[in-house]
Amino acid sequence: MIMSLKEMLSDDFSEEFLLCGNSACSGCASELALRWALKALGSKTVVVAPASCTNVYIGLWPGAAPTVPFINMAFAAGASAASGIVAGYEALGKTDINVMTWAGDGGTVDIGIQALSGAIERGTNFIYACYDNEIYANTGTQRSGSTPFGAITTTTPYGKPIHKKNISQIIAAHDIPYVGTVNGADPRDVFAIFKKIKDITGPRFVHLLSPCPPGWRFDSSLIAEIGRLAVDCGIWILWEQENGEFHLRGKSRRLLDKSNRKPVDEYIKKQGRFRKMTQEGINKIQQWVDGNWLAIEKTVKGQC
Amino acid sequence: MTDEKQETLIITGNEASAWGARRSKAHVVTAFPITPQTTVMETISEFVDSGKMQCNFVKVESEHSVMAGMVGASMTGARCFTATSGQGLLYMAEMVHWVSGSRLPVVTTIASRGIAPPWNIWVDYSDILSMRDSGWIIQFASTHQEIFDSILMSYKLAEDPRVMLPVFIAYGGFSQSHTSKPVVIPSQKAVDDYLPPVPDDGWPHLVLNPEKPIVHGNLLMPQQEYMEFRYKMHETIHGAKPIIKEVIADFHEKFGRNYHGLIESYRCDDAKYILVTVGALGEQVKDAVDTLRSEGKKVGSIKIRYFRPFPKEDLVEILGSKNLEGIVVVDRSIAYGSPTGGHISSEFSNILSELPSSLTYLPAVWGLGGRDVTVGDQESVFNDLINLHEENEIKETSNSYINGTLWVNLKVR
Ligand SMILES: Cc1ncc(C[n+]2csc(CCOP(=O)(O)OP(=O)(O)O)c2C)c(N)n1
Ligand code: SF4
């Protein structure tokens with residue numbers, strides 16, 4: 001299903017819907033993923049972005065990097081404003097426009113979860129993409145419900161004492177046609193998934209890991225590697241649930257066997273946000289990751 | 001009831017609101033239940049599910065989403081309607097500003113109620129007046145017919161390219177929302193002839209159309225046009241005054257019902273004492289005026305219909321009369337810590353400077369949280385005003401005169 005690079009870079013997909021020269025930090029996975037998501041969705045797409053880095057990196061007024069209609073929105077209203085757009089288009093008989101919410105983890109797992117859950121329950125025909133940089137980055141790196149155990153933020157200066165919320169499983173518990181996780185630092189993965197879900201009808205939720213060099217404290221040249229390690233260590237599990245059917249995806253398919261997974265410290269040690277982590281803390285993350293895989297194993301086996 | 005001919009229905013204020021949305025052919029309604037608004041959304045549900053109203057009715061999970069849904073839907077160029085009350089309005093406050101700041105012509109009715117705690121579900125305009133500076137046009141409807149008619153007029157006003165601002169229409173919880181009165185519902189054709197369909201290619205300034213991409217709401221630096229955008233909204237609300245009058249005159253001509261203007265005055269021509277208020281009590285006070293007139297007291301009343309834009313010029317025109325000796329301005333809302341305790345009476349300071357200094361000015365508050373205000377109570381307010389003007393004090397009254405404000409039937413002295 002993943003396209004070859006040659007195809008992705010062909011003339012068919014050469015049009016840019018998020019222009020370069022925008023204000024994203026160098027090595028921002030959110031911006032990279034948005035660019036490739038839009039290439040997959042095409043020009044007939046409308047984007048709603050609740051308060052987040054996205055509102056800033058798309059450009060200061062009157063500059064603007066998106067070449068599709070793009071609405072900056074209130075923090076809690078990513079899904080609800082998109083619901084309204086979908087309702088308006090339906091009422092006016094316009095049925096060929098993709099409506100996508102592009103929200104951070106704060107706008108999704110915390111303040112926006114109510115509107116998101118409601119929009120999915122109502123069967124809203126839209127895509128909700130959450131780029132998970134595991135912090136409130138816009139306001140300067142505070143902890144969110146999606147910040148991992150041990151990560152230093154400005155509101156957890158000694159490391160967060162609890163694990164992150166499993167938002168995609170929360171969403172998967174809804175009656176939703178598509179939920180999937182993506183490595184946001186891998187444009188091929190992003191492109192493939194957005195191409196795939198473009199024509200599904202109903203709510204679609206995509207959860208993208210979104211490495212953030214300044215927030216996670218790593219050099220921006222390492223973005224692809226950090227994303228890859230998150231998958232290889234089994235911290236970020238690639239899976240999809242289509243019409244209730246769960247399956248692992250990509251490299252994660254062979255990581256059920258623990259011996260194929262890299263130890264989590266390979267991922268942790270590369271990032272300054274974990275610099276205060278003790279060996280005990282690393283063990284705790286390893287246990288958490290292994291526990292997540294046991295749950296996946298049960299799901300997969302339960303389906304056999 | 002068919003759509004083909006005009007009929008008079010005995011309906012509640014909330015049903016009149018739902019009929020307003022139906023006859024205006026709102027494309028999108030979003031709503032969330034809250035007493036006393038709930039029967040608006042229930043009536044619209046019945047209209048839509050029985051196929052009598054073609055509308056995309058989204059039953060969202062909170063009022064924040066109600067108004068966010070209005071923002072999104074209106075940006076597609078759809079005609080949008082919702083209704084709420086009290087806590088619901090407070091919960092959607094952030095999005096109320098998002099609608100006006102995006103200059104979207106959304107119309108919303110408010111069945112006003114007291115703000116908790118303690119819980120209170122009865123008429124009190126503190127909810128709508130907490131939104132007084134949100135950039136919405138704010139109107140009070142004092143009769144059931146006016147609720148219905150105002151919705152038609154409000155779309156005409158809001159969608160006027162010279163305006164492009166949302167409108168709130170407020171009326172009393174229970175006292176109006178749940179009482180039944182005859183309401184003339186014109187045929188669909190008559191309304192269609194009055195209210196044109198929305199433009200095919202969306203609002204002039206903003207529409208979500210991939211053929212004409214627009215980016216909206218980006219961050220603006222302090223030296224850029226943020227201040228100008230804000231000023232433009234203020235200028236537009238003020239500039240809407242003659243347009244409101246145009247809309248009212250046009251409606252009068254088409255439907256034969258006259259809503260006068262931003263204010264409505266009653267027996268003010270030779271009045272020595274005038275009571276100013278809003279809402280249905282502004283209708284009821286006409287009875288008090290008649291009784292006192294029959295006793296030889298020269299009194300009159302003014303009902304403020306539009307609170308935003310504030311009808312300063314219209315008020316000064318009447319209150320500047322040489323005959324006038326005293327004014328009482330009565331709020332059915334509380335503005336804690338304001339100069340008078342009431343929203344409207346506090347705003348009046350701006351008008352008083354243009355009136356003769358010999359005038360006696362009495363701010364007053366009545367009926368909070370649905371407390372009864374009888375015609376007798378209204379007469380007592382006039383009498384207290386006359387007393388204050390003539391004797392420089394208020395004697396033998398059931399009301400409390402505290403720090404310059406009259407609190408009607410207050411049990412604290
Ligand atoms: C109601 C409200 N509360 C707080 C804020 C301040 N705020 C703006 S963006 C943001 C954090 C966004 O975090 P996230 O959704 O994770 O996106 P990111 O900034 O990481 O891209 C906060 C707290 C706001 N805009 N609105
Ligand atoms: S702070 Fe992080 S998420 Fe925000 S723009 Fe920079 S790299 Fe991207």
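A, B, ... follow the sequence lines: proteins, then strands. Residue 1 opens every chain. Keep in mind that this is a model prediction, so the values were computed, not measured.
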**OP:** Evaluate whether atom CG of B/D49 has more than 12 neighbouring non-hydrogen atoms of other residues, nucleotides or ligands under 6.0 angstrom away.
**Re:** yes
Subject >> Contact summary for B/V60 and A/R122, nearest pair of heavy atoms >> reply: CA-NH1, 3.4 Å
Original post:
Do you know the tightest heavy-atom contact between A/P69 and B/P213?
Top reply: N-CB, 3.7 Å
**OP:** Counting only heavy atoms closer than 4.5 Å, note whether B/E211 contacts chain A via side chain, backbone, both or neither.
**Re:** side chain
Original post:
After noting the C-alpha distance and the side-chain angles of B/H216 and A/F70, does the key distance pass the side chain to side chain contact (heavy atoms under 4.5 Å, CB included) rule?
Top reply: CA-CA 6 Å; B/H216 173 69; A/F70 189 104; over 6 Å; no
**OP:** Let me know if A/V68 has heavy atoms under 4.5 Å from chain B in its side chain, its backbone, both or neither.
**Re:** backbone
Original post:
So which part of B/M221 gets closer than 4.5 Å to some heavy atom of chain A, the side chain, the backbone, both or neither?
Top reply: side chain
Original post:
What residue, out of A/A65, A/G84, A/P66, has the most heavy-atom pairs lying under 4.5 Å from chain B?
Top reply: A/G84
Original post:
Non-hydrogen atoms of chain B under 4.5 Å away: do they reach the side chain of A/L60, the backbone, both or neither?
Top reply: both
**OP:** Flag the pair A/V46 / B/M75 as yes when at least one side-chain heavy-atom distance between them is below 4.5 Å, and no otherwise.
**Re:** no
**OP:** Considering non-hydrogen atoms only, spot the tightest contact between A/K94 and B/T76 and give its length.
**Re:** NZ-O, 4.4 Å
Original post:
Any idea which heavy atoms bring B/E61 and A/G118 closest together, and the distance?
Top reply: OE1-CA, 3.7 Å
Original post:
Does A/P62 reach the side chain of B/Q224, with side-chain heavy atoms less than 4.5 Å apart?
Top reply: yes
**OP:** Taking the side chain as every heavy atom from C-beta outward, state whether A/W61 and B/E225 have any pair of such atoms under 4.5 Å apart.
**Re:** yes
Original post:
Given the options B/V215, B/V28, B/L206, which has more heavy-atom pairs under 4.5 Å with chain A than any of the others?
Top reply: B/V215
**OP:** Give the minimum heavy-atom separation between B/E94 and A/F75, together with the two atoms involved.
**Re:** OE2-N, 4.3 Å
**OP:** Drop me the distance from A/Y57's OH to B/L219's CG, to the nearest 0.5 angstrom.
**Re:** 15.0 Å
Original post:
What part of A/I71 lies closer than 4.5 angstrom to a heavy atom of chain B: side chain, backbone, both or neither?
Top reply: both
Original post:
Would you find more than 12 non-hydrogen atoms of other residues, nucleotides or ligands less than 6.0 Å from B/Q223 atom CD?
Top reply: no
Original post:
Should the heavy atoms of other residues, nucleotides or ligands under 6.0 Å from NZ of B/K189 be counted, would the total exceed 12?
Top reply: no
Subject >> Donor on one side chain, acceptor on other, A/Q114 and B/S62, under 3.5 Å >> reply: yes
**OP:** Indicate the atoms forming the closest heavy-atom contact of B/W98 with A/N72, along with that distance.
**Re:** CZ2-O, 3.5 Å
Original post:
Going by heavy atoms in the side chains, are B/P210 and A/S43 under 4.5 Å from each other?
Top reply: no
**OP:** Look up atom CE in B/M95 and atom OG in A/S80, then write down how far apart they are to the nearest 0.5 Å.
**Re:** 6.5 Å
Original post:
OH/A/Y89 to NE2/B/H27 distance, rounded to the nearest 0.5 angstrom?
Top reply: 14.0 Å
Original post:
Has the side chain of B/N218 got a donor or acceptor atom that lies under 3.5 Å from a matching backbone atom of A/G63?
Top reply: yes
Original post:
For the candidates B/A78, B/C80, B/G72, which exhibits the highest count of non-hydrogen atom pairs separated by less than 4.5 Å from chain A?
Top reply: B/G72
Original post:
Should we count CG of A/N166 as having more than 12 external heavy atoms under 6.0 Å?
Top reply: yes
